[in-house]
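Inspection log for the structure reproduced underneath, given as structure tokens.
Because only heavy atoms are used, hydrogens play no part in the values below, and waters and symmetry mates are left out as well, while side chains stay in.
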2 protein chains.
Amino acid sequence: MANKNIISNANDAAPSLIQSKRQIERYNLDVDAQAVLVAARLMEAGSKLGHASEIHFSRFGLSTGRYRLLADLEDNEGEELPSQLAEHLGVTRATVTGLIDILERDGLVSRRTSATDGRQRSVVLTEQGARKLRDMAPEHFARLEAMVGLLSVEERSVFLDLLGRVTQGISALTDEPGKVKEHIRKE
Amino acid sequence: MANKNIISNANDAAPSLIQSKRQIERYNLDVDAQAVLVAARLMEAGSKLGHASEIHFSRFGLSTGRYRLLADLEDNEGEELPSQLAEHLGVTRATVTGLIDILERDGLVSRRTSATDGRQRSVVLTEQGARKLRDMAPEHFARLEAMVGLLSVEERSVFLDLLGRVTQGISALTDEPGKVKEHIRKE
DNA sequence: CTCATATAGTTAGGAACCTAACTATATTTC
DNA sequence: GAAATATAGTTAGGTTCCTAACTATATGAG
């Protein structure tokens, strides 16, 4: 039954302004539909980017988290404590343990127990780990650059500014109930 | 002491331009550091938003995916096929099966076998499901609006435009090797 | 000095989403 | 009309990251 939707976009069902408007009007709420649309689009972009990122790094036998761990190690003279890594990457220590397990199994990092504090086990970037980063750098950064290639230099600045403010606003989703209004901008 | 992890992630290690620059210079690559920064920040924002979103919806006993499924049902007269839901939500049919399982267990949707096609089992929003959406709407949309409250109306338009183009560019991460350059903007 | 407490890392188990394979039904082809 | 093929939904098992509880070591109070 030739069911081929002409607009059968492979996977993007981007939320539309109409959609947001309908959802709001259904309950007679006093909310700006465009604001809701921004939230919906950003959420969609984030999940899409997260997925694409995993595909990207899997080309090199890594995941997003494991790459970020290696890169952070490289930024810190090749040695860090798991707790430092957790803070830098914005994940829990438990997650870091798992990332290290696999990276160590693959020979990209190694664990070393501290002489001064028996609880600490610092993580060291191996020669093989450094080589992995070196080998993937050209393609990795070229792809990142291509990703924002549709924006001019000035537009990138603007985007960074706006994205930064929206990122601040994310806490409105997690704040305790009374606090939500504080995010509204005085106009 | 007191180990207040609650706000510990507020200790944002947002990627900096300096960091991007160093990473690029380490390998003498001809890449725009600002572009890399945009990519890194967007990735961070996406993951942060995803996490905040789960916290937000868990207040109502839902997950992000289950809410989106209910909302999509509501947008479609309260009845849809799992395969349609999968396409609208941008997830696989397998994921939709899992979402429905829980929503059905909680009485928010029900499954109904099709009379015309024995393979199809359409999903119906129950009265309880509709009530859930109605009850959460005011707080839900207020929080979404607050999230972008630091942007003026004009800024939101600009942000939507720029975000749209970056979102298009995401495919640069997943395209086959030769195709990356196509994303570069003619300047 | 000893005991209570804090900290570093790990383990155990859960949630969300994925891919691949499977079951059941429909459609096409000869 | 029967066999081959396609499609809808489900199941099985994997990945990433989470929270909570646990082990081992360090520190501080009496």
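- When rounded to the nearest whole Å, the span between CG of B:Leu99 and P of D:dT10 equals 11 Å.
- Counting heavy atoms from C-beta outward, B:Ile55 and A:Leu173 have side chains that stay 4.5 Å or more apart.
- Remark: A:Arg112 CZ is loosely packed, at most 12 non-hydrogen atoms of other residues, nucleotides or ligands lying under 6.0 Å away.
- One hydrophobic cluster holds both A:Met147 and A:Leu160 under the rule that ILVMFWY side chains link at heavy-atom gaps under 4.5 Å.
- Closest heavy-atom contact between B:Pro82 and B:Ser122: CD-CA, 4.3 Å.
- Candidate nucleotides C:dC17, D:dC18, C:dG9 were compared by shortest atom distance to the side chain of A:Val91, and D:dC18 ranks first.
- Between A:Gln84 and A:Val96, the closest side-chain pair of non-hydrogen atoms is not below 4.5 Å.
- Of all nucleotides listed (D:dA26, C:dC17, C:dA26), C:dC17 comes nearest to the side chain of B:Thr95.
- B:Ser83 comes within contact range of the sugar-phosphate backbone alone, with a heavy-atom separation under 4.0 Å but no base atom that close.
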Atom pairs, N/O to N/O, protein against nucleotides 13-15 of chain C, distance under 3.5 Å?
none

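- The nucleotide whose nearest atom lies closest to any side-chain atom of B:Leu81 is, among D:dG9, D:dT10, D:dC18, D:dG9.
- Whole-Å rounding puts the A:Arg68 CZ to D:dC17 C1' distance at 12 Å.
- Taking atom CG on A:Asp101 and atom P on C:dG9, their separation rounds to 13 Å, with Å as the unit.
- Comparing atom distances between the B:Asp117 side chain and each of D:dT10, C:dT25, C:dG9 picks out C:dT25 as nearest.
- The separation between A:Leu62 atom CG and D:dT15 atom C1' is 14 Å, rounded to whole Å.
- Neither side chain, B:Ser110 nor B:Thr126, offers a donor N or O lying under 3.5 Å from an acceptor on the other.
- Minimum atom distance to the side chain of B:Arg119 is reached by C:dA24, of the listed D:dA24, C:dG9, C:dA24.
- Proximity of B:Arg111 to the phosphate of D:dT10: a side-chain N or O atom is located under 4.0 Å from OP1 or OP2.
- A straight line from CD of A:Gln120 to C1' of D:dT23 spans 16 Å, rounded to a whole angstrom.
- More than 12 heavy atoms of other residues, nucleotides or ligands sit less than 6.0 Å from atom CZ of A:Arg26.
- Between B:Leu69 atom CG and C:dA16 atom C1' there is a gap of 14 Å when expressed in whole angstrom units.
- Summarising the geometry, the separation between CG on A:Leu85 and C1' on C:dT10 is reported as 15 Å, rounded to the nearest angstrom.
- Checking the phosphate oxygens (OP1, OP2) of D:dC17, no side-chain nitrogen or oxygen of A:Thr92 falls inside 4.0 Å.
- Atom CZ in B:Arg93 sits roughly 16 Å away from atom P in C:dT23 (whole-Å rounding).
- Along DNA chain D, the nucleotide closest to A:Ala94 and the one closest to A:Ile102 are compared, and the more 5′ of them pairs with A:Ile102.
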